[in-house]
Structures are given as structure tokens and as C-alpha cells.
Amino acid sequence: MVQPYKHEPFTDFEQQEHKKAFEDALKQVKEQLGQHHDLLINGERVRTDDTITSTNPANTKQVVGTISKANQDLAEKAVQSASDAFEDWRKWDPRARAEILFRAASKIRRRKHEFSSYLVYEVGKPWKEADADTAEAIDFLEYYGRQMIELKEGKAVESRPGEENRYVYQPIGVTVVIPPWNLALAIMAGTTVAPLVAGNTVVMKPASNSAVIAAKFVEVLEESGLPKGVLNFVPGSGGEVGDYLVDHPKTALISFTGSRDVGLRIMERASVRQAGQNHLKQVIAEMGGKDTVVVDKEADIDTAVDAIVVSAFGFSGQKCSSGSRAVVHEDVYDEVLEKVKAATEKLTVGNASEENVYMGPVVDQGAYDKIMSYMEVGREEGRLVTGGKGDDSKGYFINPTIFADLDPNSRMQQEEIFGPVVCFTKAKDFDEAIEIANNTEYGLTGAVISDNRAHLEKAKYDFHVGNLYFNRNCTGAIVGYQPFGGFKMSGTDSKAGGPDYIALHMQAKTISEKF
Ligand code: NAP
């Protein structure tokens, strides 16, 4: 009997025993750093001469691990292996597939702090963010397993006398999974196990910045009973291996999470029919965001300040849901800005392995350079209120930064910066605030801070985002509670962690029999 789903609780680090357990895990994982991880193709480990080296963004001299790197020949073998394994896996009892996910969830739960420690070292996540990432991965395993069990008999349709109609879901085939590095465990795990539990076989190309944590997760799935060939793990360059997998005629479904440009490229390439391809490829693409916190004049100012700071600077603003824009009613603009400045200047920036660091580093040199280049744009387009400085001498550290008085159409207010930068724009009334909030190409998350019920009702219809939050921050969606996915250029609105997600990895079949 499967228990009803409940999300994994977060660790309370105020309690000494939890704090100590986490410190111990950090120490243990530190001793394991530098290990090598191989590809997994058809159940076999494959070692290559060419490798990816993953380093700690807080201390670039510290090697987290090396990972074998696939080329196109190995990607081809992985697709063939997934294609062969599909014939058997697709007919497995869905409950047996779900049980593999439940076993994996309990293994990760037992090693929770170990996984979180890898997140601390590999992508610079502060303790609480790392803990939430691991909890979310466990949630995806538990939730998608249950969703598949619910779907296994299909859905009810009508039958007339003398006929029986059935409406069932069947897997699609070889699924290419391409996750990002920012929710390095959760999104990678969720996008991998959703197609698997649905009966598809998977070729997963992890993000190069977080390939070690992906390798650790793949080990857990193997230990949990996944048959060989069902999951193939091929780290490699996005351009070389990613394109090859997307283009492959045997690829049936692509599940991508990452930037707008790569998502668009994948959609375009997936629409081209390749020689020998007799199906339309399906694409799930969850992409970037430029998310706004709107503050009304009738609003609790402390709630607004907290929502802006948490949304903007959690995980150094490296969330697709990060609130990088604050659009504030002119009557409370100065007060909100002043209080956000004061709260921001209290945030700590440092090595994420240390306790009570609010913001760790940004993920790599490319991210650091890109974010720092926006500091110049911000100075030209607006007024620097605080921050604006970085230091990449040891790791990629950037101070939390606020720019004010920006034109809603400025680059700072339109482009995804993906770093610890929030930009303020003043609105003359609530209608204008919503208009500004909607004026980007993205539509992922948004928050409205208001005590005016009519304004909240208006936002329900007019604020065009996939995840809308009232009187709280716009980050931190929880699996099974706040299904997640965006509108417009933010993606295909797949609603990860929601009741419709597994069905996106399947095709519905109607079977009608006459007696
Ligand atoms: P990214 O640069 O687009 O990379 C995402 C993945 O795509 C990585 O595995 C990357 O591999 C791979 N890739 C790169 N080029 C490719 C190609 N030509 N063909 C196939 N795959 C390719 O994004 P990121 O920097 O990892 O993540 C940050 C972005 O993700 C932000 O825009 C953020 O908003 C978005 N995001 C969206 C959601 C959501 O749910 N909407 C959630 C999280 C993040 P390499 O690492 O090897 O380059």
C-alpha cells in the first residue's frame, strides 16, 4: 500500500544534531572529492580519455570530480541501447517501475546530507538551498511514482451497449533528457525519472557544471533495480552530444530544461524529419525567466521587502524563478527600496560550505563575466543602490546588487541576468504595475504583494505567468503543491511536479471493441 504523498520536510539547522550531521557529511564528502565517474551505456561503465573536470565555484582549485565525456559515437551507442531496452521496459508493470523510484527515494533520504554536500561543493549551494534541492529530488521520485500508479489503468470513457471503450496511456520511446545545473539534483532527477516511470527509456546528458551529482544519482537508480539499457548516462558537450541526440531519428521525446536560446534551438531541430524517422518528436522545454515582484500601495511593507530579497538573492539569483524585477507603486517605492537596501546589505556572501552563508558563488567564470557585464549596463541605465562588485580571485563571488529607477523596457528589465541583481521600476498605479510585469518575453513566475482583494483578483487573470504567488516570494515551488512551468518564452508549461506531467511523456491510446 503506497502512502499518500507528502513533501519531504526541510532540515532545521537550528537544531544542533542536524547541524552536526550536516557538518559531518560535508567533511566526508570533501574526502571523496576528485573521484572519476564513467559514462553508463547499456549497463556498462565506459571510460574515455577525454574528460570533464568539475570544480567548486567557491574555490576553483578544488576539483569535485572528473567525468568521462561522450562523443557522437558513444551517443549513438546510448541511443541504440535505449531503443533496444524499450521493447521490454515499456511492458513492465507500471507499479514495478514506480517501486524503483520509491526505492531510490528512500536511498537518497538515508543519504540526504551526502547529496546536499555534493550540491554545496559542485554548484556552490548554501546549506538550506542544497537541502531544499535534495528534498525536491526525493519529492519528484515519490510524486511521479504515485502519478504513474494512478494513470496505469488509463482514464474512464463512455461505452455504448455492445462495445467496450478504453482510454489508456502508453510510453513513447527513447527520451533524451537535458537538464540544467542550477537545480542540479532536483530537476535532473525529476526530468529523468518522469519518462522512465512512464515506460520510456532515457539517454541523459547532464549539464557539464553538475555532472558529478548526476553521476551519483545514476548510481542510485542502478542500485534501485533499473535494468540495463533503460537509463544511459552520457555527459558531453551540449553542442556536440546534445545536438546529436536531439537530431537522432530514434529520439521520440526530448525533455529539456535550460536557457531560452538552447530551448529554441532544440525545438527547431526537433521539428526536422530525419532519414528513417516515422514519427513527430515531442518536446518538453522549460526555459528562462525574468520574474517580477509587484508591490501595491496597500501592502504589508515587511512582507514586500522579504519577498523581494528572498526572490532576488536566494541561490545568488540563479533560479529560473528568481525575482529579478521589483515593480513598486510610487506611493511606497522609496520606503520599499530603502528597506530592501538595508536587508540586502545584511546578507552574507561566502563559501557555501560554511554555515549561515546566505549567498554562495555564481556557478562559473562565464556566469561571473556575464553578470559583471550587466553591472555596467545597470550603471548606464539606472542608479546603483548597493552592490555592483565581484571578486573572482578564488571563487566567483558577486555582492547582492540593487539598481533603481529603471525604464521597464531597459535591458536590465528585459534580459535574464541569472545572478544576484534586482532592478526596481516605479509604477503610477496597480494597472500599470501589472502592465510592466507583463512586458517581457518571459512568463514564468511572479508575485503580487497587496492587501487589496480586487487587485489580487485582477492579477489572477491579467498577470500572465505560469506560477503566480500572492503575498510571498516567487521562488521555491514544491512538488505536488505548486506544479511548475512557464508561459511565453519561458517554455511549454509542462508543470513539473503536477498532475498532468507524467501524461506528457506518454501517448494516449483509444481501444474500442465491439461484442
Ligand atoms: P543552458 O546553457 O541552456 O544549458 C542547459 C542544458 O542544455 C545543459 O545540459 C547544456 O549542456 C545543454 N546544452 C547546451 N547546448 C546545447 C545544445 N546545442 N543542444 C542540446 N543541449 C545543449 O542553461 P543552464 O545555464 O544550464 O541553466 C540556466 C537556464 O536554465 C536559465 O535560463 C534558467 O532560467 C533556465 N531554467 C529554467 C527552468 C524552468 O523550469 N523553466 C528551471 C531551471 C533553469 P552543457 O552544460 O554541457 O552546456
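Just so you know, ligand 1 is whichever comes first in the structure, and atom 1 is the first atom listed for that ligand. In this text the structure is predicted, and so the values were computed from the model without any measurement.
- Polar contact with ligand 1: present for Glu416 (N/O pair, distance under 3.5 Å).
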Start with the C-alpha distance between Tyr358 and Phe313, add both sets of side-chain angles, then the distance that settles ring-ring contact (aromatic ring centres under 6.0 Å, His included), and finish with yes or no. CA-CA 8 Å; Tyr358 188 82; Phe313 302 125; 7.8 Å; no
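- Using a 4.5 Å cut-off on side-chain heavy atoms (C-beta onward), Gln282 and Ile254 make no contact.
- Polar contact with ligand 1: present for Met287 (N/O pair, distance under 3.5 Å).
- If you check which protein heavy atom lies closest to atom 42 (C) of ligand 1, you get Cys320 SG, 3.0 Å.
- Taking all atoms of both residues into account, the shortest heavy-atom contact from Tyr442 to Lys488 is O-NZ, 3.2 Å.
- For the pair Lys125 and Phe315, the cation sits on the ring face: its NZ or CZ lies under 6.0 Å from the ring centre, inside 45° of the axis.
- Geometrically, ligand 1 and Thr257 share no nitrogen or oxygen pair separated by less than 3.5 Å.
- Screening residues 176-204 for ring pair (Phe, Tyr, Trp, His ring centres under 6.0 Å), with sequence neighbours left out, gives Trp181-Phe418.
- Ligand 1 has Gly236 within reach: a non-hydrogen atom of the residue lies less than 4.0 Å from it.
- Taking all atoms of both residues into account, the shortest heavy-atom contact from Ile187 to Pro180 is CG2-CD, 3.6 Å.
- Looking at atom 43 (C) of ligand 1, its nearest protein heavy atom turns out to be Asn182 OD1, 3.2 Å.
- Considering backbone and side-chain N/O atoms, Ser208 comes within less than 3.5 Å of an N/O atom of ligand 1.
- A heavy-atom separation below 4.0 Å is not found between Ala367 and ligand 1.
- A side-chain N or O of His248 and one of Glu76 form a donor-acceptor pair less than 3.5 Å apart.
- With ligand atoms numbered from 1 in the order given, ligand 1 contributes 18 (N) to contacts under 4.0 Å with heavy atoms of Arg265.
- Shown here, atom 4 (O) of ligand 1 is out of close reach of the protein: none of its heavy atoms lies under 4.0 Å off.
- Nearest approach of Ala198 to Pro171, heavy atoms of both residues: O-CB, 3.2 Å.
- Every N/O-N/O distance between Ile187 and ligand 1 stays at or above 3.5 Å.
- With a heavy-atom cut-off of 4.0 Å, Leu245 does not touch ligand 1 at all.
- The single protein non-hydrogen atom nearest to atom 13 (N) of ligand 1 is Gly238 CA, 3.6 Å, given as residue, atom name and distance.
- Nearest approach of Phe86 to Ile172, heavy atoms of both residues: CZ-C, 3.9 Å.
- In terms of the side chain to side chain contact (heavy atoms under 4.5 Å, CB included) criterion, residue partners of Asn59 (sequence neighbours excluded) are, by chain and number, Asn56, Lys61, Gln62, Lys394.
- Defined by atom type and a distance below 3.5 Å, a donor-acceptor pair is present between the side-chain atoms of Glu286 and Ser494.
- Taking any N or O of Ser237, backbone or side chain, none lies under 3.5 Å from an N or O belonging to ligand 1.
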Audit row: Lys112, Glu8, salt bridge (Lys or Arg N to Asp or Glu O under 4.0 Å) steps and yes/no: CA-CA 11 Å; Lys112 201 168 174 183; Glu8 181 68 18; 3.0 Å; yes
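- Counting protein heavy atoms only, atom 35 (C) of ligand 1 is closest to Gly258 O, 3.2 Å.
- Protein heavy atom nearest atom 27 (O) of ligand 1, with residue, atom name and distance: Pro180 CB, 3.5 Å.
- Scanning the protein for heavy atoms near atom 2 (O) of ligand 1, the closest one is Ser259 OG, 4.0 Å.
- Side-chain contact between Arg97 and Trp89 is present, with at least one heavy-atom pair separated by less than 4.5 Å.
- Among all protein heavy atoms, the one lying closest to atom 24 (P) of ligand 1 is Trp181 NE1, 3.4 Å.
- Protein heavy atom in closest approach to atom 28 (C) of ligand 1: Phe418 CE2, 3.6 Å.
- Heavy atoms of Gly289 approach ligand 1 to within less than 4.0 angstrom.
- Between Asn209 and ligand 1, no pair of N/O atoms sits closer than 3.5 Å.
- Ligand 1 lies within reach of Pro179, whose nearest heavy atom is under 4.0 Å from it.
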